[in-house]
Amino acid sequence: MTEIPKAYEPQSVEDKWYDFWVKQGCFTADPTRVTDKRPAYSIVIPPPNVTGMLHMGHVLNNTIQDILSRKARMDGKEVLWLPGTDHAGIATQVQVEKALKRDEKKTKHDLGREEFLKRVWTWKDKHGGIIINQLKKLGCSCDWTRERFTMDPEYSRCVQKVFVELYKKGLIYRGKRMVNWCPASQTALSDEEVEMKPQKGFMYHFKVEVAEAPGTWLTIATTRPETIPGDTAVAVNPKDPRYAHLIGQHIVRPLPIELPREQKLIPIIGDAHVDFEFGTGVLKVTPAHDKADFEICQRITKWAGSRIERTPFTDELSFMEPIEIMNADGTMNDLAGADLKGLERFKARKVAVERLGEQGLLIEEKPYENNVGFSQRADVPIEPRLSEQWFLKYPSVEVSTKCVAEGQMKFHPDRWAKVYDHWLSNIQDWCISRQLWWGHRVPVWYPKPGAFTEDQIQNLIESENDAYQSVTSIEEGVSLRWVSIEPPPDPANWIQDPDVLDTWFSSWLWPFATMGWTGDKASDANAQTLRAFYPTTDLVTGPDIIFFWVARMIMAGYEFMGDLPFKNVYFTGIIRDKQGRKMSKTLGNSPDPLVLISQYGADALRFGTMRSAPLGQDVLFDEKDVELGRNFCNKLWNACRFRQMQGGEVQGEMDAKLLSSDDRWILLRLDLAIREVTDALASYNFATAVQTLYRFFWSEYCDWYVEASKAAFFGQDTAFKANKVAVIDFVLSHLLRMFHPLLPFITEELWHGMGYSADMPEEQGGKTIMFARWPKPLSDDEKEAWGLDDTVETLANAKSELVTQGRNLKTQFNIGAGKKGKFTLKPAGNLAPGEAEVLRLLLSAESLDLDPHYAPKKGTPTALTKLGELYLPLDGLIDVDAERARLTKDVTKVQAEIEKVEQKLGNPSFAQKVPPAVLEEHRQRLADWQVKLAQTKAAIEALS
RNA sequence: GGGCGAGUGGCGCAGUGGUUAGCGCAGAUGCUUUACACGCAUUUGGUCGGGGGUUCGAAUCCCUCCUUGCCCACCA
């Protein structure tokens, strides 16, 4: 046992033990150790962005994972917590582009694709380690020997393999669709990457003339007048009596102005989705720039095709062809007309409105708020755009839905299961291609123009090599593709698809692609890690990526592993500041965890975060919580110092004969704490576990038990003292272990400092609390041997009542908290030997006399307790009126309680219907209150 | 428009039918008590969002309304 300093200094402790753990291989998972008796426990980390910095969300998330991992190790499991990072396509590319612009005034095009990618890799090597080191500072017990990156060569192979496989299953296809286009990043986005935000703008009403009926005007409402040049029709509801008769006629599109009138005639069509309540009931249809409009055109085309003889505008189906009037960067192109051409889209809106006004067509312009889709990353409004992209029809949807609905996989809290289910039953195909450079390149090659003759193409398609894939789509103009993780044998004849895959198209493979999966059945069967640790046990993540990541991992798990990827998903809350605002860089309300760690210690940060993180609720984070965590660690430190000051070696056996009532009580409370904490952790109720530990350690152990124990240590009985130390060692060694998953550093330091490590069986190459066994509740035998029965609690309550009331008297009569005050107790029964001294100490009193025949002077302050009447004689200082007032207040309170209970008992149906135990309890309660009332009244009588 | 949460003392939260509704922070008062002032003791704050119902008994179950947060949805 080494002496420990007065205040806990985390800085000198944390790095030391982290290095120790890593050097001893404590975090390293070994699949060969997994047996029935030593089951596997695994978590894969939600990979942070490779260039990211640790923020409070990571702290919450990874502390939880660390608690789960460390607890599992203490339960004797073989634990794999697999770490790694994500290449984060757009985010990383944007960062590097920004740096390039800032430092060299260049764009990525100035460098070219190859050179630019080199720069990204350099950037990654420079910044990629930061967040990993930050996780180490937090104490995360990840198996760093298995760190993975989504762009590792093996991982990239998995991504391509999956693409090829899904392609061959017919689930991946290329097509020209309406996609969410980000004009800033100039790439397509998935639906999940679009965030709807209310935007203040204007609703414009303008009128158009019906060509067949000059003088008849229709009014159209729109928020996007700049897209008028792209209108190919106007739609009305066929049931709308105002307009139905006009279907089949035409209107004159007002823009572009310079086009001749006959080129601007567009049909009036009917579509049931037009809401005649909304706006004017007339909808402009812009199929190239609005998803709903595109769909209307598809419906109309189909309808017209099937009912050709009844369609008045059969020959005008060409009007259903979308007109693209915008460039990829969000500026207007030639088709938008001379006035708008070259203008940025919002500038074009203004100009379009001006032109309408000049023609006398603008009727109204009123402020209007509507939802606009924004690119989540670039934070600019997305543009619905027709473009050719790769799409995925989600695989294994049915089984993925079932596994959560039927409970093979559990969500915590389970309400997220509904959200998951709802999304899954409404999913659209996933746009997986991105027009970026940083990412996994689509493993598809197209023949260069003229590289092959028709016959050659035919031969290749019919050849054994199934990398040659025929293409049936006519519009593409390509009849052959090479789809494989290997480039074609004659690369000179081919061009690889320039697009890369959505980052999530790699992340969704994370649970198995990190464990040596190759997609080859024979070699996967030999992959020890995969066999031992897949499916993983728990996944800990935020509900904000339930669609992006969780749902997709489940589908990939079933599709490629034939099994679910994890058995439990714990959804954390979102970290907010103490005012409930989301943490963000712009608000500047996001504290740097590393600063907090250096100020307060990693354990303090973990404690503060977890204490305020109830199951499934958002976490309102306040730096005060971390301060509290630091105070807590210091308290723990000093509780151990107190034990050390009593001296002696670590005590083993407790002698049941020497246990005091306080010893028995603290052992019972320990037992309760073990059960509560174990249950709380098993059900992912981390805040409950922390609160229970807090209560047990601080209130019960320190504030009560340790204070009471001083009576023994100040006394002379050495055997009794030694036994007291044994109890303390027993409690502290259990306590430290229960705290370890939450507070790894300080518990390890104390485990050694206190000498408890000496009891540890040697394994894993070093003695560490990490592999100490999680405490078990006391057995019935132990409870019997130590006399832990019901009387223990009853006596403790009575003592607590006496001490609290005695302290109260001291405060009220200004005796002060120091070793002052002379009490006299008129005991109600026999007190155990030494009990009076314990009580004196807890009262911080100069003395506590026992006198069964005590006759107090009039007006002596009194506390009436189950253990007897406690008096605080005050020489000449008695204020009879004050004491009377105090006691009278008590009487009022007690009478109110008696009234309540009597009312209940007086209800005839109460006695009939209530369980006997409850009835008995109420009767007892009434009796107790009545005794108290009589005593208090007697005390008042005695005053006069 | 649909779905899911939340409303308990100044603040943050526990408490899902049965004692006098708990805890932490903040506040007040007193204490250099010999583990810890990053501490100790005492103490002030609550008709549990409103209304109705079920029950012997409701913060807790049901209905309804109000407030608030989040997610989903092509209303131009």
Side-chain angles (χ1 to χ4, degrees), chain A residues 6-8 178 196 203 220-224 235 273-275 277-286 290-296 370-371 373 384 413 415-416 418-419 422-423 426 543-544 546-547 574 578-580 600 604 611-612 614 616-620 622 624-625 627-646 687-688 691 694-695 699 702-703 706-707 710 714 804 807-812 814-820 841 843-844 893-894 896-897 900-901 904-905 907-915 917-919 921-922 924-925 928-929:
Chain A
K6 186 169 174 177
Y8 175 56
M178 189 62 79
M196 299 307 278
M203 176 70 86
I220 301 177
T222 182
T223 54
R224 302 202 60 190
H273 285 244
V274 178
D275 179 354
E277 301 282 314
F278 188 86
T280 59
V282 185
L283 173 70
K284 70 193 258 315
V285 180
T286 325
D290 187 288
K291 203 178 172 203
D293 292 359
F294 181 75
E295 282 162 16
I296 287 177
N370 65 338
N371 280 329
R415 62 188 149 86
W416 293 110
K418 235 180 194 173
V419 177
H422 181 253
W423 182 78
N426 290 294
D544 49 334
I546 187 166
F547 311 138
I574 293 168
K578 59 181 168 184
Q579 290 149 51
Y600 299 103
R611 203 185 70 93
S612 50
Q617 296 279 93
D618 287 354
V619 183
L620 269 57
D622 186 346
K624 278 249 174 227
D625 292 331
E627 201 181 314
L628 193 82
R630 179 205 52 186
N631 297 353
F632 188 87
C633 291
N634 193 55
K635 186 82 178 173
L636 184 58
W637 188 256
N638 277 288
C640 289
R641 274 185 76 221
F642 176 79
R643 155 65 185 92
Q644 278 201 327
M645 290 174 74
Q646 310 316 322
T688 306
Q691 271 162 18
Y694 187 103
R695 184 205 69 212
S699 310
C702 291
D703 289 346
V706 170
E707 289 309 313
K710 287 176 184 172
F714 293 163
T804 305
R807 285 167 172 172
N808 192 326
L809 287 182
K810 282 179 71 175
T811 304
Q812 290 198 26
N814 291 319
I815 302 299
K819 223 190 265 174
K820 292 176 193 163
L841 208 77
L843 285 165
S844 296
K893 209 175 129 189
V894 173
E897 292 306 330
K900 261 192 218 170
V901 184
K904 276 193 178 183
L905 288 169
N907 186 331
S909 47
F910 182 81
Q912 287 164 13
K913 296 186 180 174
V914 97
V918 175
L919 183 63
E921 186 273 325
H922 275 76
Q924 185 60 47
R925 202 195 310 169
D928 287 351
W929 283 124

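Chain letters run A, B, ... following the sequence lines, proteins first, then strands; residues in each count from 1. Computed from heavy atoms alone, side chains included, the values below leave out hydrogens, waters and symmetry copies.
- Contact annotation: the side chain of A:K710 approaches that of A:F642 to within less than 4.5 Å [non-hydrogen atoms, C-beta and beyond].
- Among the atoms of the strands shown, only primed sugar atoms or phosphate atoms (P, OP1, OP2) are found under 4.0 Å from some heavy atom of A:N808.
- Glycosidic conformation, B:rG45: syn, with the torsion inside 90° of 0.
- Between A:Q924 atom CD and B:rU20 atom C1' the separation is 16 Å, expressed in whole Å.
- Side chains of A:M203 and A:T222 form no contact here, defined as non-hydrogen atoms less than 4.5 Å apart.
- Pairing for B:rU44 is absent, judged as Watson-Crick or G-U wobble with the two contacts each under 3.5 Å.
- Atom P of B:rG18 sits at a distance of 35 Å from the matching atom of B:rG27, rounded to the whole Å.
- Across all strands shown, A:E707 has heavy atoms under 4.0 Å from base atoms, whether or not it also approaches the sugar-phosphate.
- Among B:rA76, B:rC25, B:rA73, the nucleotide with an atom closest to any side-chain atom of A:N371 is B:rA73.
- At distances below 3.5 Å, not a single donor-acceptor pair connects side-chain atoms of A:N808 with backbone N or O atoms of A:T804.
- Taking only side-chain nitrogens and oxygens, A:N426 never comes nearer than 4.0 Å to OP1 or OP2 of B:rA73.
- At the heavy-atom level, A:D622 lies nowhere under 4.0 Å from the strands shown.
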Do A:E897 and A:K893 pass the salt bridge (charged side-chain N to carboxylate O under 4.0 Å, His left out) test, and can you show the C-alpha distance, the side-chain angles, and the key distance before you say yes or no?
CA-CA 6 Å; A:E897 292 306 330; A:K893 209 175 129 189; over 6 Å; no
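- No side-chain heavy atom of A:I296 sits under 4.5 Å from any side-chain heavy atom of A:D290.
- Atom pair A:W416:CH2 and B:rG5:P shows a separation of 10 Å (rounding to whole Å applied).
- If you check B:rA76, B:rA26, B:rU20 against the side chain of A:W929, the one that comes closest is B:rU20.
- Between A:R611 and B:rG24 there is no side-chain polar atom (N or O) within less than 4.0 angstrom of OP1 or OP2.
- Comparing atom distances between the A:D275 side chain and each of B:rC75, B:rU42, B:rC4 picks out B:rC75 as nearest.
- Using a 4.0 Å heavy-atom distance criterion, A:Y8 is classed as making no nucleic acid contact.
- One C1' atom belongs to B:rU44, the other to B:rA28, and the distance between them is 7 Å to the nearest Å.
- Here the P atom of nucleotide B:rC75 and the CG atom of A:D293 are 12 Å apart, to the nearest Å.
- Rounded to whole Å, the separation between the C1' atoms of B:rG9 and B:rG5 comes to 24 Å.
- Atoms CG (A:D544) and C1' (B:rC4) sit 16 Å apart, rounded to a whole Å.
- Here the side chain of A:K893 is nearest to one of B:rU20, B:rU34, B:rC72, namely B:rU20.
- Across all strands, A:P915 comes closer than 4.0 Å to base atoms (heavy-atom distances).
- Using a 4.0 Å heavy-atom cutoff across all strands shown, A:D703 reaches sugar-phosphate atoms only and no base atom.
- If you take CG on A:N370 and CE on A:M196, they are separated by 8.5 Å, rounding to the nearest 0.5 Å.
- Nucleotides B:rC48 and B:rC36 place their C1' atoms 37 Å apart, quoted to the nearest Å.
- Rounded to an integer number of Å, the gap from CZ of A:F632 to P of B:rC40 is 11 Å.
- A:L905 has its side chain within reach of A:L919: a pair of non-hydrogen atoms, C-beta onward, lies under 4.5 Å apart.
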Practice task
With side chain to side chain donor-acceptor pair (under 3.5 Å) as the test, would you mind laying out the steps for A:D928 and A:Q924 before giving the verdict?
Solution key: CA-CA 6 Å; A:D928 287 351; A:Q924 185 60 47; 3.1 Å; yes
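- If you check every strand for non-hydrogen atoms under 4.0 Å, A:V285 touches nothing.
- Between the C1' atoms of B:rG22 and B:rG46, the separation comes to 12 Å (whole Å).
- Of all nucleotides present, none satisfies the Watson-Crick or G-U wobble test against B:rU33 with each distance under 3.5 Å.
- Atom CH2 in A:W637 sits roughly 12 Å away from atom C1' in B:rA35 (whole-Å rounding).
- Close to B:rC40, at under 4.0 Å from its OP1 or OP2, lies no side-chain N or O of A:K710.
- A:R224 comes within contact range of no nucleotide atom at all, as no heavy-atom separation falls under 4.0 Å.
- Among the protein residues, A:R630 comes within range of the nucleic acid bases, having at least one heavy atom under 4.0 Å from a base atom.
- Taking atom C1' in both B:rA21 and B:rG15, the straight-line distance is 8 Å, to the nearest Å.
- Of the candidate nucleotides B:rA76, B:rC71, B:rU42, B:rC71 has the atom nearest to the side chain of A:F547.
- When the nucleotides B:rA76, B:rA35, B:rC25 are ranked by their closest atom to the side chain of A:L628, B:rC25 comes out on top.
- Residues A:I546 and A:W423 fail the side-chain proximity criterion, which asks for heavy atoms closer than 4.5 Å.
- Regarding A:L809, its CG atom lies at a distance of 15 Å from the C1' atom of B:rG30, rounded to whole Å.
- In this entry B:rU60 has no Watson-Crick or G-U wobble partner, no candidate having both defining distances under 3.5 Å.
- Nucleotides of RNA chain B nearest to A:K418 and A:S909 differ in position, and the one nearer the 5' end is that of A:K418.
- Straight-line distance between the P atoms of B:rA41 and B:rU47: roughly 28 Å, to the nearest whole Å.
- Looking at heavy-atom distances under 4.0 Å, A:K635 makes contact with a base.
- With RNA chain B read from its 5' end, the first of the two nearest nucleotides for A:E921 and A:N638 is the one closest to A:E921.
- Pairing for B:rG22 is with B:rC13, a Watson-Crick or G-U wobble pair whose two hydrogen-bonding atom distances lie under 3.5 Å.
- As the counterpart of B:rG5, B:rU68 is assigned, both hydrogen-bonding distances of the Watson-Crick or G-U wobble pattern falling under 3.5 Å.
- Distances were taken from every side-chain heavy atom of A:Y694 (C-beta onward) to each of B:rC75, B:rG24, B:rC4; the shortest belongs to B:rG24.
- The residue A:C702 sits close to a base: some heavy atom pair falls under 4.0 Å.
- Here the nucleotide nearest the side chain of A:H422, chosen from B:rC72, B:rA35, B:rA76, is B:rC72.
- Counting heavy atoms from C-beta outward, A:F910 and A:H922 have side chains that approach closer than 4.5 Å.
- In this structure, A:L620 reaches the sugar-phosphate backbone alone: every heavy-atom distance under 4.0 Å involves primed, P, OP1 or OP2 atoms, never a base.
- Remark: P of B:rG2 and CH2 of A:W423 are 24 Å apart, rounded to the nearest angstrom.
- For B:rA58 and B:rG52, the C1' atoms lie 14 Å apart once the distance is rounded to whole Å.
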